[in-house]
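Step one of this worksheet: look at the structure below.
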Amino acid sequence: MPLYIAFPVIMVVVGLSASRLARPDVPATRALVFSGSTRNSLVVLPLALALAESLSVAALAVVTQTLVELVVMVILVRLVPRLTGQRRAADKIAHR
């Protein structure tokens with residue numbers, strides 16, 4: 001599980017760093033951070049379930065990864081606006 005938690009933490013840093021280099025607008029920065037920190041683990045769940053019984057732990061790993069990812073996404077919904085400049089986006093809309 002520590003690896004499942006470390007991945008989104010690292011990818012948030014990578015996403016924020018990439019956005020500083022590319023300088024996209026705030027919504028694009030948020031999309032970059034979220035898309036980098038999520039994985040489509042449920043896509044491989046049918047494959048993991050189709051493995052031999054001796055490899056049944058693979059399905060457990062996929063489900064565990066998905067549950068950790070859901071908790072991380074809930075946290076990121078609150079955290080990412082603060083990291084990407086929630087006020088900057090509001091200021092741009094207010095000044096139009």
Side-chain angles (χ1 to χ4, degrees):
M1 242 171 53
L3 290 175
Y4 299 151
I5 295 170
F7 179 81
V9 170
I10 292 167
M11 291 309 295
V12 166
V13 172
V14 169
L16 291 172
S17 299
S19 70
R20 284 195 177 92
L21 290 173
R23 298 182 190 256
D25 60 353
V26 173
T29 298
R30 291 178 184 173
L32 180 66
V33 171
F34 273 101
S35 64
S37 61
T38 61
R39 298 173 294 258
N40 292 323
S41 56
L42 289 179
V43 172
V44 298
L45 183 58
L47 297 173
L49 291 171
L51 292 173
E53 192 169 327
S54 62
L55 298 173
S56 63
V57 71
L60 178 63
V62 170
V63 171
T64 303
Q65 175 183 345
T66 301
L67 292 174
V68 169
E69 186 175 306
L70 285 172
V71 171
V72 168
M73 288 298 108
V74 169
I75 293 167
L76 288 181
V77 164
R78 292 289 191 175
L79 184 64
V80 168
R82 293 180 183 147
L83 294 175
T84 59
Q86 183 176 16
R87 291 191 180 133
R88 279 192 305 157
D91 289 343
K92 286 182 181 180
I93 292 170
H95 293 292
R96 286 186 182 174

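One is the number of the first residue; the rest follow in order along the sequence. Computed from a predicted model, the values in this text were never measured in an experiment.
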- Worked check of side-chain contact (heavy atoms from CB on, under 4.5 Å) between Val12 and Leu83: CA-CA 10 Å; Val12 166; Leu83 294 175; 4.1 Å; yes

Going from [atom1] on [X] to [atom2] on [Y], what distance comes out if it is rounded to the nearest 0.5 angstrom?
X: Thr38; Y: Phe7; atom1: OG1; atom2: CZ; value: 8.0 Å
X: Met11; Y: Ser17; atom1: CE; atom2: OG; value: 10.0 Å
X: Ser56; Y: Leu49; atom1: OG; atom2: CG; value: 9.5 Å
X: Glu69; Y: Leu76; atom1: CD; atom2: CG; value: 10.0 Å
X: Thr29; Y: Leu16; atom1: OG1; atom2: CG; value: 8.0 Å

Which heavy atom of [X] sits nearest a heavy atom of [Y], and at what distance?
X: Met73; Y: Ser37; answer: CE-OG, 3.5 Å
X: Leu51; Y: Ala58; answer: CD1-CB, 3.7 Å
X: Tyr4; Y: Thr64; answer: CE1-CG2, 4.1 Å
X: Ser19; Y: Leu32; answer: N-CD2, 3.9 Å

Would you kindly confirm whether [X] and [Y] end up in one hydrophobic cluster when ILVMFWY residues are joined by side chain heavy atoms under 4.5 Å apart?
X: Val63; Y: Val57; result: no
X: Phe34; Y: Ile5; result: yes
X: Val80; Y: Val77; result: yes
X: Val13; Y: Val33; result: no

- Any side-chain heavy atom of Arg39 sitting closer than 4.5 Å to one from Pro8?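 Arg39 vs Pro8: side chains touch.
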
